[in-house]
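Let me begin by presenting the structure, written as structure tokens, before commenting on it.
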Amino acid sequence: MRIGELAKRTGASERSLRYYEAQGLLSPSRTPAGYRIYAESDVDVVRHVQTLLAAGLNTAFIKEVLPCMVDTGEGLAPGCPELLPHLQKERARITMSIDGLATARTLLDGVISATPPDNTEYEAWVARRTG
DNA sequence: CTTCTCACA
DNA sequence: TGTGAGGA
């Protein structure tokens, strides 16, 4: 099938499909005219890529683990045992990221609730809109 | 009409 | 990642 059909069947944009290819996640053959020809199995590959991308993994990591992933009908499962450590490492990375955002939010909360030394303008504004 | 590459107010 | 140009 050509890129248009694969896009329709997976919900991925043609743009994304070409991007996945550039990242080595897909390697469609070409017609003499240069049109990309995808295999039926690529539909699943694209779905897996979308799942992993949504799970916060980058294309480089996906490229490594994709061949070890197996479809369970429900979702994806680790096809190789030596995959778990890497997956857990990714999980840890996401946790770090969340912690960073949490402290950022706490800091911002502090700024939002802080009382300015000279609050005349601030209070005038509050008074104006609270009536 | 569909796809391709390349470039970017 | 979207979008549009310019071509096949």
Side-chain angles (χ1 to χ4, degrees):
Chain A
M1 74 190 90
R2 288 181 309 192
I3 197 169
E5 189 184 336
L6 184 59
K8 187 178 304 177
R9 290 173 53 177
T10 60
S13 65
E14 298 183 6
R15 178 77 158 79
S16 298
L17 260 17
R18 296 194 183 98
Y19 177 68
Y20 296 163
E21 177 182 0
Q23 299 309 297
L25 271 30
L26 243 31
S27 40
S29 54
R30 299 279 186 142
T31 67
Y35 286 12
R36 272 165 267 248
I37 296 299
Y38 298 90
E40 200 61 35
S41 58
D42 285 333
V43 173
D44 288 313
V45 173
V46 173
R47 294 206 169 111
H48 293 172
V49 169
Q50 294 177 315
T51 298
L52 266 15
L53 241 23
L57 308 183
N58 60 350
T59 55
F61 185 80
I62 295 176
K63 182 181 179 181
E64 316 275 275
V65 305
L66 200 53
C68 282
M69 294 298 236
V70 55
D71 198 323
T72 65
E74 276 302 293
L76 280 182
C80 319
E82 22 84 77
L83 209 56
L84 281 318
H86 298 160
L87 260 21
Q88 296 172 329
K89 192 193 79 193
E90 278 305 312
R91 195 207 133 83
R93 205 164 60 71
I94 292 176
T95 298
M96 288 286 89
S97 181
I98 290 175
D99 290 348
L101 288 173
T103 75
R105 181 179 56 186
T106 297
L107 258 22
L108 188 53
D109 283 344
V111 173
I112 291 174
S113 58
T115 302
D118 177 342
N119 47 34
T120 59
E121 284 189 35
Y122 177 71
E123 292 187 335
W125 181 79
V126 172
R128 205 178 314 130
R129 53 176 9 238
T130 51

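Order of the sequence lines sets the chain letters (A, B, ...), proteins ahead of strands, with each chain counted from 1.
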Original post:
Minimum heavy-atom separation for A:Ala77 to A:Thr72, with atom names?
Top reply: CB-CG2, 3.3 Å
**OP:** Return the set of residues passing side chain to side chain contact (heavy atoms under 4.5 Å, CB included) with A:Leu83 (not counting sequence neighbours), or none when no residue passes.
**Re:** A:Val65, A:Cys68, A:Met69, A:Pro78, A:Leu87
Original post:
Taking only residues two or more places apart in sequence or in another chain, which ones pass side-chain hydrogen bond (donor to acceptor under 3.5 Å, both in side chains) with A:Thr10?
Top reply: none
**OP:** Check side-chain hydrogen bond (donor to acceptor under 3.5 Å, both in side chains) between A:Glu74 and all other residues, then give those that pass, not counting sequence neighbours.
**Re:** none
**OP:** Could you tell me from which nucleotide to which nucleotide of DNA chain B, 5' to 3', there is an atom under 4.0 Å from chain A heavy atoms?
**Re:** B:dT2 to B:dT5
Original post:
With the threshold set at 4.0 Å, does a side-chain nitrogen-carboxylate oxygen contact exist between A:Arg9 and A:Glu40?
Top reply: yes
Can you check nucleotides 6-8 of chain C for protein contacts, nitrogen or oxygen pairs under 3.5 Å, and list what you find?
none

**OP:** Tell me the stems DNA chain C sits in, counting at least three consecutive Watson-Crick or G-U wobble pairs, each under 3.5 Å on both distances.
**Re:** B:4-8 with C:2-6
Subject >> Nearest heavy atoms of A:Ile37 and A:Arg2, plus distance in Å >> reply: CD1-CG, 3.8 Å
**OP:** Classify the nucleic acid contact of A:Arg18 as base, sugar-phosphate or nothing, counting any heavy atom under 4.0 Å across all strands shown.
**Re:** base
Sort me out a list of protein N/O and nucleotides 2-4 of chain C N/O pairs below 3.5 Å, or just none if empty.
| from | atom 1 | to | atom 2 | distance (Å) |
| --- | --- | --- | --- | --- |
| C:dG2 | OP2 | A:Ser13 | OG | 3.1 |
| C:dG2 | N7 | A:Arg15 | NE | 2.9 |
| C:dG2 | N7 | A:Arg15 | NH2 | 3.2 |
| C:dG2 | O6 | A:Arg15 | NH2 | 2.7 |
| C:dT3 | O4 | A:Arg15 | NE | 3.4 |

Subject >> Qualifying salt bridge (charged side-chain N to carboxylate O under 4.0 Å, His left out) pairs with a residue from residues 53-73 of chain A, counting only residues at least two apart or across chains >> reply: none
Subject >> Sequence neighbours excluded, every pair satisfying salt bridge (charged side-chain N to carboxylate O under 4.0 Å, His left out) that has a member inside residues 22-34 of chain A >> reply: A:Glu21-A:Arg30
Subject >> Nearest heavy-atom neighbours spanning A:Leu26 and A:Asp42 >> reply: CD1-OD1, 4.1 Å
Original post:
Got a sec, which pairs hit salt bridge (charged side-chain N to carboxylate O under 4.0 Å, His left out) with one end in residues 77-103 of chain A, sequence neighbours left out?
Top reply: A:Glu90-A:Arg93
Subject >> A:Val126 with A:Ile112, same ILVMFWY side-chain cluster at under 4.5 Å >> reply: no
**OP:** Could you pull out all residues at least two apart from A:Gln50 that satisfy side-chain hydrogen bond (donor to acceptor under 3.5 Å, both in side chains)?
**Re:** none
Original post:
Taking only residues two or more places apart in sequence, or in another chain, which ones meet A:Ser97 in a side-chain hydrogen bond (donor to acceptor under 3.5 Å, both in side chains)?
Top reply: none
Original post:
Just how far, in rounded Å, is P of C:dT1 from CG of A:Leu17?
Top reply: 11 Å
